[in-house]
Amino acid sequence: MHDLKLVREQPDALREAMRRRGALDALAPQLDRLASLEQERRALIQQVEEQKAARNAGSAEVARRKKGGENADDLIAQGRALGESIAALEARATAADDALRAILIELPNVTLPDVPEGGEDANVVVREWGTPRRADGVQPHWDVGARLGLFDLERGVKVSGSGFVVYRGQGARLVRALLNWCLDVHAAEHGYEEVWPPAVVTRATMTGTGQLPKFEDDAYAIRDDDLFLIPTAEVPVTNLYRDEVLDAAQLPMAFAAYTPCFRREAGSAGKDTRGIQRVHQFDKVELVRYSTPEDSAAQLELLTGHAETLLQRLGLPYRVKLLAAGDTGFSSAKTYDLEVYAPGVDKWLEVSSCSVFTDFQARRANIRYRPAPKDKPRFVHTLNGSGLALPRIVAALLEHYQQADGSVALPPVLHPYAGTDALRPAAAAP
RNA sequence: GGACAGGUGGCCGAGUGGUUGAAGGCACCGGUCUCGAAAACCGGCAUACCGGCAACGGUAUCGUGAGUUCGAAUCUCACCCUGUCCGCCA
């Protein structure tokens, strides 16, 4: 959500930001409307407040006269007339305000200056790590998974429908191992507080981080209770401090949270869905940071580095992509995607997305901090990034570490967590 | 799910239709006093929006939303939340 002041004082900046996202054509009518609604709203508010002031003065006079035993019928009649006029004006002001907010809440964030303009084609690979394994002769992960009995796609469909996976045996253990290892590294080495939040949240919470109202179709909803299954731990964790004022000394704050993530993936049917590349429920450890505005750019680099550390320790070759404005998410001001190379499917798989949201989410969720004891509260900057998102990490491990004998070696960091140094064919699952 | 009680400023707490944005206390800030501190005393101490260069003026806010009224923290309705008891339960 943007500041109304930006709408009024720098309409060109807002327009330029939308142009850089390639969204100006689509949003130009709304931007024009925004300007006129803003003026209308202000004019109406002035009239309403003027009349309310008159009514308040009249009411005070009624009180004074009644105390003195005088008649006040004329003033009461006058007040009644004012009341009707106020109600009419107020209805118009509310309508203008609602229309204004409806547009404002669906405008994406302004990207930072160093974000390239344009769409997906303008994304920039800023660095690469490791040497991708040659794709020749590498089995895709779904074949490996089936052969080793790591997951059961058919029965996932039976139980929950298309897009749901059952991990089994060593596969289930691997998922648990990865999650525990990720959390341990972030909590013990990177200074994150571990949190275990609810996976079901209210409409207000979903709105705070920007999932609603625009993307309601993407979320699983529990309609009887107006609750939603979270698409990422970002949602409950960023909303932890909604409507609060933090002390400057508390910043930056850093949280690491594991949750299952639920996404309807409406509109992406058939797109990279083979195997476990895109599923409706997956597991992810999410990093969330709150910082001062001055510090947030540096915090994004720090956060991205924390996610990269994990990929390096897993020995998975990856690249870091700075997303162009048009490919940057609705709430984000700047995003790095981390992609690991999966030789079995011969693709770069997105396993982490690290973003700074500037004050966009903080404004929606009303998360502020006080720079110094006497200062006025300011909005914090929020950030988050995956560290890491699982199914694709599992896929990349199965493909990158495939051995000639049909087994899959595991990187040393996982041995104590997985209870083994490799995944080997076991007795076939029934 | 049922019954009762309750939600007032950073905290506690008064207030059942008319100078109540809201008594009083605590906390906090400034000052007097003091060598210094404590105590005591004096003063200050919410947020958002609108207008204004500013001084300042106005409007709104007593869980949330709607309603009654010239006027609502106070009355009505709905909803949310908290506590206690009962029921159910991993």
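Convention: sequence-line order gives letters A, B, ...; per-chain numbering from 1.
- Between A23(B) and G9(B), the two C1' atoms lie 13 Å apart (nearest whole Å).
- Comparing the same atom, P, in G58(B) and in U64(B) gives a spacing of 24 Å after rounding to whole Å.
- Glu117(A) and Arg19(A) are joined by a salt bridge, as a carboxylate oxygen and a charged side-chain nitrogen come within less than 4.0 angstrom of each other.
- Looking at heavy atoms from C-beta onward, Glu90(A) lies in side-chain contact with Lys52(A) at the 4.5 angstrom threshold.
- Rounded to whole Å, the separation between the P atoms of A14(B) and U34(B) comes to 40 Å.
- Aromatic ring centroids of Phe330(A) and Phe360(A) lie under 6.0 Å apart.
- In summary, Asp152(A) and Arg168(A) engage in a salt bridge, as defined by a charged side-chain N under 4.0 Å from a carboxylate O.
- Using bins of under 30°, 30° to 60° and over 60° for the plane-to-plane angle, the ring pair Tyr192(A)/His190(A) lands in the perpendicular bin.
- If you take atom P in U47(B) and the same atom in C11(B), they sit 14 Å apart, rounded to whole Å.
- The pair Arg21(A)-Glu16(A) does not meet the salt-bridge criterion, since no charged nitrogen lies less than 4.0 angstrom from a carboxylate oxygen.
- As a whole-Å value, the separation of Asp247(A) CG from G10(B) P is 14 Å.
- Here, U74(B) and G17(B) have their P atoms 12 Å apart, quoted to the whole Å.
- A gap of 15 Å separates the P atoms of G10(B) and A22(B), to the nearest Å.
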Nucleotide by nucleotide, nucleotides 45-73 of chain B touches protein heavy atoms under 4.0 Å in the pattern (B base, S sugar-phosphate only, - none) ---SSSS------BBS---------BS--
